[in-house]
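Atoms within a ligand are numbered from 1 in the order they appear, just like the ligands themselves.
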Amino acid sequence: MPPEYDLVIQNARLRRAPASLVDIGIQAGVIASIAEKIAAGASRAIDAAGSLVTESFANPHLHLCKVYTLQMMDEQALQDYHGADMGKAMTAIELAARVKENYDESWIIVNVRRAVEEARRFGCTHIRAFADVDGQARLEGVKALIRAREEFRGVVEIQVVAFAQDGIAREPGAADLMRQAMALGADVAGGIPWIEYSDADMHAHIEFIFDLAVEYGKDVSMLVDDAGDPGLRTLEWMSLAAIRAGWQGRALAHHARAMALYPTPYFQKVAALLKQARMGVVTDPHTGPLHARVRDLLHEGVLVCLGQDDISDAYYPYGRNNMLEVAFLASHLLWMTTSADMETLFDMITVNARKAMGLQDTGLQVGAPAHLVVLGKPSVLEALRCHEAPRWVISHGKLVAGDGVE
Ligand SMILES: [Zn+2]
């Protein structure tokens with residue numbers, strides 16, 4: 001008789017019931033059973049030895065086409081983006097564009113593989129990955145990311161965002177390239193409306209991205225209000241466009257750093273619109289001096305999650321696709337240090353991040369896809385404190401990293 005389970009995780013501690021240990025049986029990529037003791041046969045068993053077993057990590061925001069390009073560009077970009085008031089954020093983006101003069105799929109894919117291998121090692125099984133689409137990058141980044149998506153399918157799932165980094169109105173040819181990127185097989189239509197020069201162009205940018213997404217039946221991701229200017233309004237306009245397009249629950253906002261400076265009545269209005277649009281916010285407080293108002297958004301019941309954003313590029317020098325490290329940094333930067341805060345941070349890199357990416361069956365429960373990590377630590381506190389690679393990583397029910405895994 002064939003064994004009942006492909007894999008059994010023994011002596012697992014679950015976040016919601018830490019007092020006792022359970023076994024988790026996995027069959028055909030799905031969590032088939034959670035019980036005090038699983039006696040049935042398994043092709044393979046691993047012993048969690050009382051350590052925490054949770055949903056694997058998800059990274060809903062990564063500029064994957066630019067990873068490890070820091071050494072290739074002018075350090076001036078980093079200085080401008082990190083200037084205390086973010087007054088020169090736009091200049092930084094223009095400087096960072098210099099690296100794209102030599103954009104080519106052949107070297108981008110090498111960097112991409114390295115970063116996705118890091119994700120695998122650190123238990124991050126889902127990534128929403130941005131590829132620049134503009135006159136310089138052309139479709140080189142999109143092609144590299146689509147290639148990586150196919151190579152890593154079943155291990156690390158990559159959603160490729162075709163991202164109009166330099167704008168639509170101000171970048172000649174960008175609209176055509178965006179259409180081509182969607183036709184090539186990009187999974188998400190990505191915009192950055194605040195970068196345009198006029199309000200009219202920002203509106204047109206948002207409309208263009210939603211039209212494209214609706215035409216291809218894809219989700220939307222946009223970098224909004226990413227500078228130290230309280231007058232930026234593109235998060236509001238994006239929520240309104242999502243509602244108008246009937247794309248509720250299919251649009252995701254990123255950065256929204258100007259929110260830190262919004263007057264409170266305006267913040268309340270935007271929070272109400274985000275809920276109407278069922279639109280989440282991905283924040284990354286480690287990559288800039290301003291960040292979305294995480295506590296206030298959570299208080300209003302808005303979906304908030306954390307993203308890695310960058311790995312060694314013009315905007316951020318570090319990063320390993322280690323979402324525990326991202327949450328550890330956020331804990332300091334957001335002053336979220338109580339045990340309740342830590343649980344929230346952990347949700348922001350697991351279940352909330354998955355929800356933001358449009359994934360179904362996000363929790364650790366019977367019937368859900370088995371994307372799990374065995375952390376080698378007994379609690380969320382210890383996991384965050386050490387932010388080490390998990391002992392084992394399970395994707396689609398298979399061991400993909402950890403002890404004894406090639
Ligand atoms: Zn970003």
Side-chain angles (χ1 to χ4, degrees), residues 58-70 73 77-78 80-82 86 88-97 99-100 111-112 115 119 124 126-134 137 141-142 145 158-167 186 188-195 205 209 219-229 232 234-235 238 251-260 279-292 294 304-321 323 325-326 329-330 333 348-349 353 356-357:
N59 176 9
H61 183 127
L62 178 65
H63 297 278
L64 185 55
C65 71
K66 299 183 223 199
V67 292
Y68 311 114
T69 54
L70 177 62
M73 66 186 63
L78 203 59
D80 277 352
Y81 192 65
H82 288 175
M86 290 194 77
K88 287 186 177 175
M90 198 183 281
T91 331
I93 290 170
E94 284 161 2
L95 284 165
V99 79
K100 288 192 284 193
N111 291 349
V112 167
C124 177
H126 295 78
I127 301 175
R128 181 167 284 194
F130 289 67
D132 286 14
V133 174
D134 53 63
V142 172
L145 266 49
I158 300 172
Q159 298 179 345
V160 178
V161 186
F163 174 51
Q165 167 81 78
D166 292 343
V188 179
I192 177 165
W194 71 271
I195 203 127
H205 183 127
I209 297 292
D219 288 2
V220 169
S221 261
M222 285 199 215
L223 276 56
V224 291
D225 300 354
D226 190 20
D229 175 1
L232 288 170
T234 61
L235 176 57
M238 182 189 170
L252 185 58
H254 305 254
H255 290 320
R257 297 187 199 275
M259 188 192 290
M279 199 162 100
V281 175
V282 185
T283 187
D284 27 36
H286 59 289
T287 60
L290 297 174
H291 54 75
V294 171
V304 188
C305 54
L306 291 166
Q308 168 73 69
D309 197 5
D310 301 281
I311 296 179
S312 284
D313 63 15
Y315 305 95
Y316 182 68
Y318 314 119
R320 300 188 289 169
N321 254 333
M323 296 308 291
E325 180 178 271
V326 168
L329 293 169
L333 293 160
M348 286 163 68
I349 55 173
M357 292 173 68

(message) Checking H291 now: which residues fulfil ring-ring contact (aromatic ring centres under 6.0 Å, His included) with it, not counting sequence neighbours?
(response) none
(message) Checking D284 now: which residues fulfil salt bridge (Lys or Arg N to Asp or Glu O under 4.0 Å) with it, not counting sequence neighbours?
(response) R257
(message) Using side-chain contact (heavy atoms from CB on, under 4.5 Å), reason through D166 and I195 one step at a time and then give a plain yes or no.
(response) CA-CA 7 Å; D166 292 343; I195 203 127; 5.7 Å; no
(request) For residues W194 and A227, report the shortest heavy-atom separation together with the two atoms involved. (result) CZ3-CB, 4.0 Å
(message) For a distance under 2.8 Å, give residue and atom name for each protein N, O or S atom next to the Zn ion (ligand 1).
(response) H61 NE2, H63 NE2, H255 NE2, D309 OD1
(message) According to side-chain contact (heavy atoms from CB on, under 4.5 Å), who are the partners of A137, at least two apart in sequence or on a separate chain?
(response) K100, Y103, D132, D134
(message) Taking the ring centre of each residue, are Y318 and H286 less than 6.0 Å apart?
(response) no
